[in-house]
Number of protein chains: 2
Amino acid sequence: MHVLSGKSRADEAYSRLKSDIRENRMPPGYLEPEPELATRLGMSRTPVHEALIRLQAEGMVELVPRRGARVLPISAEDMREIYGILKALEPEAAARLAAQNPDERALAPLDAANDAMTAALEDGDLDAWAAADDRFHQTLLRLHGNRRLAQFVSSLFDQSHRARMVTLRLREPPIISTAEHRVILEFLRRGDVDGTRDAFRRHRERTSSELIAILENYRLPQL
Amino acid sequence: MHVLSGKSRADEAYSRLKSDIRENRMPPGYLEPEPELATRLGMSRTPVHEALIRLQAEGMVELVPRRGARVLPISAEDMREIYGILKALEPEAAARLAAQNPDERALAPLDAANDAMTAALEDGDLDAWAAADDRFHQTLLRLHGNRRLAQFVSSLFDQSHRARMVTLRLREPPIISTAEHRVILEFLRRGDVDGTRDAFRRHRERTSSELIAILENYRLPQL
DNA sequence: GGCAAAATTAATGTATACATTAAAGTATTT
DNA sequence: AAATACTTTAATGTATACATTAATTTTGCC
């Protein structure tokens, strides 16, 4: 009855449901009862139930009594919350990474992610762009070395993923971000703490207000 | 088989285990298998297992294969992580609260918490002091209105609670904190954004380095 | 007595069973 | 036909059962 690999059924259910939600295969507001989820995932209710508890704790899903699991929509207000936190955390994390004077080898994956963003833009592949952008931000946090911080921000990225993907398609191609990332990388290379913090803060201020402006201009209260 | 109130057995198990860990009734490193926990809490393994999943997600507990649930110790490094995040988040949150120009009624619970801290110090009741200090910080975050931020910080407080309680007893009475809180309150009242941020930052820098210094001087790598 | 192999114990992950109860559907009455 | 009472359905939370497997103990052998 056991799974051969290190992944339990509950883990399996968790990743599949999370990716279904991220990729909009289970759209916001979508409600599905546990027994149905269980048959769909080819397992019993138990591991599904455990996965749902985790997803609920991470704010991806709401467990509605007697109805099932509901995919939580993201509102403009939610995005304000999330970006408010990112604006406080990411610049500080970047600044502290700068203070550690990271060497070229450590920064290589950041360069790679940023190059991938440029390449994706040239191909007009917005999904690839977003994936590379995620990679840039998450890698930076991992380099900084605060696991709690990295995990929390990662969960905020998960929660906001859908909204970011929608707004990405409602605006001009995001050409500025790669340039801003390059500036951040330059400051990181120099070990310039305040420069890194300021550059990252500007980057997050801009992306944040751009995104929220789109949500409000297009009257997208729910995503 | 249902519980009359709105609290499920799983919720009950969660709160009881969490408080047992916080209050050191289940000390760091302590390992207990699920069946034992279940009998101790007077319920079956199922709700206990679900509670443990949540506690694991919050970093209070580690599920050791074939052994049970282990209460995670907090290291000096963990405290550095946690306070690194608090130093970034709390001053920003306080600054934004200042920007909202909170009225006297909103700030009253903060005054109350700070007064309770003073009273507790006069009584020499460090537990009451810590509880009131927690209340001050959590109330401020709740007033600020970012639920994700408040919940995350609350979980960081839970994780660090034991270590804070131990170090609290290894040093002079914390008389400075109430004074610093008063300064923060003064800036909040004036709606002074930068003043609030700076005051809170100084407060957190000081408490943070004090605490970590104690952990290192007393060679307390695990709590 | 010490060590290897076998047997036992015990814990987990998962499945299944079941009581409870909300919601939906049907029947009954006016 | 509308409103109400009754029945049925279905979902959850929890308990229990069970297969798998790691840890422990016992046994047998030198």
Nucleotide of C:dA22, C:dT12, D:dT14 approaching A:R66 most closely (side-chain heavy atoms): C:dA22
Salt bridge flag under 4.0 Å for residues B:R40 and B:E36: no
Within 6.0 Å of CD in A:Q151, more than 12 heavy atoms from elsewhere: no
Inter-residue atom distance B:D123.CG - B:W129.CH2, 0.5 Å rounding: 14.5 Å
B:R105, CZ: over 12 other non-hydrogen atoms inside 6.0 angstrom: no
Geometric class of the B:H181/B:H137 ring pair [parallel <30°, tilted 30-60°, perpendicular >60°]: perpendicular
Within residues 73-87 of chain B or reaching into it, pairs that qualify as salt bridge (Lys or Arg N to Asp or Glu O under 4.0 Å) - sequence neighbours excluded: A:R148-B:D78, A:R148-B:E81, B:E77-B:R80, B:R80-B:E216, B:K87-B:E205
Most 5' of B:P65 and A:R67 on DNA chain C, judged by nearest nucleotide: B:P65
Value in whole Å for how far the C1' atom of C:dG13 lies from CG of B:L63: 12 Å
Close residues, residues 31-53 of chain A, relative to DNA chain D [heavy-atom separation under 4.0 Å]: A:P33, A:E34, A:P35, A:R45, A:H49
Rounded interatomic separation in angstrom, taking NZ from B:K7 and P from D:dG13: 14 Å
